[in-house]
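Below, read A as the first sequence line, B as the second, and so on, with proteins coming before strands; counting in each chain starts at 1. The analysis underlying the following values was restricted to heavy atoms, covering all of them including side chains, and did not include hydrogens, waters or symmetry mates.
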Number of protein chains: 2
Amino acid sequence: MRLPSIEGSGPGRQAVYRQIAGHIRREIEAGALRAGARLPPIRALATDIGVNRDTVALAYESLAGEGLLESVVGRGTFVRGLSVAAKPRALVDLPLADSVEGLLAYENARPRFGVAADAVPLHSLVPDPAFYPVNAFRRVLNQVLAREGAELLRYGSPQGRPGLRQILALRLQRGGGRVSTDDIVLCHGASQGIALALRLFAQSGDCVAVEVPTYHNVLATLVALGLRPAGIAQGPDGPDLEQLERTLQRPDVKAFYTIPTFHNPMGTTTSLGARQRILEIAARAGVPVIEDGFETDLRCFGREIPTLAALDRHGLVVQLSSFSKSLFPGVRVGAIAATGRAIDGLLALKRSTDLSDAMPLQAALEAFVRSGAYDRHLVRIRRMLRARTEAILDALAREMPAGTTFTRPEGGYQVWVELPFEVDSRDLLADAAREGVLFAPGSQFLPEGGPSRGLRLTLARADEDEIRRGVAILGRVAKRFHAAGPTALDAAAVNM
Amino acid sequence: MRLPSIEGSGPGRQAVYRQIAGHIRREIEAGALRAGARLPPIRALATDIGVNRDTVALAYESLAGEGLLESVVGRGTFVRGLSVAAKPRALVDLPLADSVEGLLAYENARPRFGVAADAVPLHSLVPDPAFYPVNAFRRVLNQVLAREGAELLRYGSPQGRPGLRQILALRLQRGGGRVSTDDIVLCHGASQGIALALRLFAQSGDCVAVEVPTYHNVLATLVALGLRPAGIAQGPDGPDLEQLERTLQRPDVKAFYTIPTFHNPMGTTTSLGARQRILEIAARAGVPVIEDGFETDLRCFGREIPTLAALDRHGLVVQLSSFSKSLFPGVRVGAIAATGRAIDGLLALKRSTDLSDAMPLQAALEAFVRSGAYDRHLVRIRRMLRARTEAILDALAREMPAGTTFTRPEGGYQVWVELPFEVDSRDLLADAAREGVLFAPGSQFLPEGGPSRGLRLTLARADEDEIRRGVAILGRVAKRFHAAGPTALDAAAVNM
């Protein structure tokens, strides 16, 4: 390698190391120095061009920083790969799939606002970490890894650990179902279960019937899969059955996603009668029902009602369960129960999606449930939830404007509130957040994302005192909005 | 409740408890006994109809076993939900999505055969569990859970743990990339990464260019997503560049999935020149490149070649990495590196797919890598792999029929063998499996699944002695097939 004359440093001139580096860079870019070529040793080059060794070292270092050179200890400095890394990047605007563009637009529509530092989190559905049985879980996790070793660190069966499926089947049988170990596919949280169940029956362009309002992440998942929601109005006893019948008869509607027990966001429980009717309607239409039972283990009041899966004689129901709300989300174990070819399809989809879940977590969960620790934990959680439910119902009755309606959940974390005047609850949110309480505005749970006078409050993160404080702030904000009179909103556009 | 007269037991008559149970069942089915109705106490009913108490208890128990009744301790026995659980089920044949039907058909096409008990597993890509650093990993897992507690058991960020992303970014930078912590989305194994990357650019009906042969699970994932493969012939230096240019110009081709380093199944490494050309072609077409680097950490011979991502000036490359082959699959951590809106899209897809990965495993992996244990493990794995690679190349040269060709991998677990005569390697598999060696027939890696004279051998599970034994058996079987002369196969239909 020959270097042109070096000008020396001084005003108006490049630093010497930069001149050296620039020359080498040009040689690489011109192809005169190729990938793998060895550069002269620092000492030799420094002598050769009459500069300090540190200057050459600095030049090499700066080129290495650009990714053009690499030093191998004891071997020297080499030209590395292509020089492209050093060229300014000219990013191509990659076209993303339409469904991804739709998903990004959907996510960008979510409200953003300032929040008081100690705002009461009545918006969050993440269970309170104060209740997680961390040490008990850590111990079983450590034990199963010590006991089963490397076997647990291979790929597991895509269907999931048989022992865990077995105890889940037994638990689902208690709920009246006839589930066997083979009828269950474990998955990476119930969210994955939802996505797999939707994909089992529907593909881009198809419709899926959903309750309105419904779980907002399901709406996002529909968008991501190129599916369209067909809304069924959700009332206190369950979905509007006439609308459901009409909708499921449509040829483009491939499934009905429903949350019959402790509905999200409404907190309602679909009555036994409505459950029977839903199954009759689905059977007539030959349309499968995806039953999301994410909080079924969290009943605090009233008698248990058989799940749709337990009532199903026709193999119509794909039932999702989860440990995220009843234990903690971090275990990432959900379950899908189904029959016949649906199981084959789910397994194939699961395999093509991520091959296998993490067996250490499934094994630890199995040990945790078998030991009775999960049932003991449930007792504790239900007691907590009962106290919080009573506190919020009490506070809502006391603090909210007259005429406000709200649901009375028999379990689960969510309560649905409807304001007695024309308003988009999103408009309340900015004020409420600033003054110290957060909630999920109803619009978030609507397929169209339009205005809603409804809002979801949750009991997951706030204790009784915080709940009382939060609802008091919410009541104050709501009364102020009410007193200010109807907003510019068109009353007809306000649904729920 | 009134019971009809009980006939007493005896030949030709139902057992008394069955008569009682049958009557109650009919009452429930007729609706005379409704859900929630309380049955008479055992003692009262026994006295009433003049039978032994145990007989009544048995009747109640058998109905409970059918799901019709439930006993609540201290409260009595109740009719449970609907009686449907007891009726014979009439399963509806649920229509699955076309893509799922396609996936099931694809999976059913895989060969099934008998296998010798001690068959040498030259088919498996699951790394040898004997090499998993189980106890070291168990200890860091226990430590991070003890240290970080409940925080680790919440949902994590959908992007993944920042500390782990940071050290992965540093490692990718060493390979010449300019990846930052924010350019990485962690995922549930690289398999999930593949599915997410495909969905980022393509949706049902679109095409994706893939090398032929290619990783069979990618072919399954394409089917599951309703995508069609556009094949690019893969040679010893990489994909056929003319074919790639023509294919990427097609408007229906939305991405190119490639495995440039230690190709699966071929074991080849795409040359630096070919990498540069691939990027030029992709840039001209404006088509993204999905670079699967699942074994990049497993180089045993030769100099490292910059990844496509490192050479990419245009933000065209989405790069996948994995710990499944270099550490163990059970950690279920993969990474996707990308830039700009691709990251936004991946994040949205990840969120809509399963919300978050399991943070305990990501935290443990971070601690494991930071401690240097991962790099020490790599030294050990590469040494093992080097010895096995030498053993198999040696054995192939010695044992296979004259004219057999095979690749000489510089790293990774797979070697591709092509037989020098007309044959579908599937036809060899049944004999080979029975005689004691397993391999993956080439057809498995072809989009159309047609016949192939190629076969993939792997070094993941067999040690040097086993490799020698397995290849000797394979050579014997191959020579026998050769000697038997051309099969009925049409020579023209045999590709690769």
Side-chain angles (χ1 to χ4, degrees), chain A residues 67 81-82 84-85 87 89-92 94 96-97 99-100 103-104 107 126 129 132 134 138 142 145 149-150 152-155 176 188-189 191-192 195 200-204 220-221 224 226 286 288 306 311 313-316 328-330 332 342 344-345 348-349 352-355 358-359 361, chain B residues 67 81-82 84-85 87 89-92 94 96-97 99-100 103-104 107 126 129 132 134 138 142 145 149-150 152-155 176 188-189 191-192 195 200-204 220-221 224 226 286 288 306 311 313-316 328-330 332 342 344-345 348-349 352-355 358-359 361:
Chain A
L82 253 216
V84 286
K87 293 188 192 160
R89 306 226 286 185
L91 296 187
V92 168
L94 292 179
L96 307 184
S99 49
V100 176
L103 186 59
L104 288 170
E107 296 210 333
V126 180
Y132 300 174
V134 181
R138 180 171 63 81
N142 198 40
L145 267 169
L152 274 188
L153 297 173
R154 300 178 56 164
Y155 293 103
H188 192 227
S191 342
Q192 186 183 53
L200 181 63
F201 301 116
Q203 63 192 37
S204 192
T221 301
L311 298 171
R313 291 199 303 134
H314 300 298
L316 291 165
F328 42 69
R332 304 312 294 128
D344 300 337
L349 281 174
S352 86
T353 300
D354 56 10
L355 289 181
M359 290 302 116
L361 296 173
Chain B
L82 257 215
V84 286
K87 293 187 193 163
R89 308 226 286 184
L91 295 188
V92 168
L94 292 179
L96 306 185
S99 50
V100 176
L103 186 59
L104 288 170
E107 296 210 334
V126 179
Y132 300 174
V134 181
R138 180 170 64 81
N142 197 41
L145 267 169
L152 274 189
L153 297 173
R154 300 177 56 166
Y155 293 104
H188 192 229
S191 341
Q192 187 184 52
L200 181 63
F201 301 117
Q203 61 193 38
S204 191
T221 301
L311 298 170
R313 291 198 304 132
H314 299 299
L316 290 166
F328 42 69
R332 303 314 292 129
D344 300 337
L349 281 175
S352 85
T353 301
D354 57 10
L355 290 180
M359 290 303 115
L361 296 172

Okay, Leu316(A) and chain B: the region with an atom under 4.5 Å from a heavy atom over there is both
The test is side-chain contact (heavy atoms from CB on, under 4.5 Å); show your working for Leu153(A) and Leu145(A) and say whether it passes. CA-CA 9 Å; Leu153(A) 297 173; Leu145(A) 267 169; 4.1 Å; yes
For chain A, which candidate among Ala342(B), Ala358(B), Ser204(B), Ala220(B) shows the most heavy-atom pairs at distances under 4.5 Å? Ala358(B)
Given Gln203(B), Gln192(B), Met359(B), the one with more heavy-atom pairs under 4.5 angstrom with chain A than any other is Gln203(B)
Taking side chain as C-beta onward, heavy atoms only, is Thr221(B) less than 4.5 Å from Thr353(A)? no
Leu361(A) and Gly330(A): which non-hydrogen atoms are nearest, and at how many Å? CD1-O, 4.4 Å
Quick check on Tyr132(A) against chain B: is it the side chain, the backbone, both or neither that has a heavy atom closer than 4.5 Å? side chain
Would you mind telling me which of Leu94(A), Val100(A), Leu104(A), Asn142(A) has the largest number of heavy-atom pairs within less than 4.5 Å of chain B? Asn142(A)
Test item: Ser191(A) and Arg332(A) side chains (from C-beta on) under 4.5 Å apart, heavy atoms: yes
Counting heavy-atom pairs closer than 4.5 Å to chain B, which one of Asp344(A), Val126(A), Leu355(A) comes out on top? Leu355(A)
Can you tell which part of Ala195(A) gets under 4.5 Å to a heavy atom of chain B, answering side chain, backbone, both or neither? side chain
His188(A) vs His188(B) aromatic rings, parallel, tilted or perpendicular, using cut-offs 30° and 60°? parallel
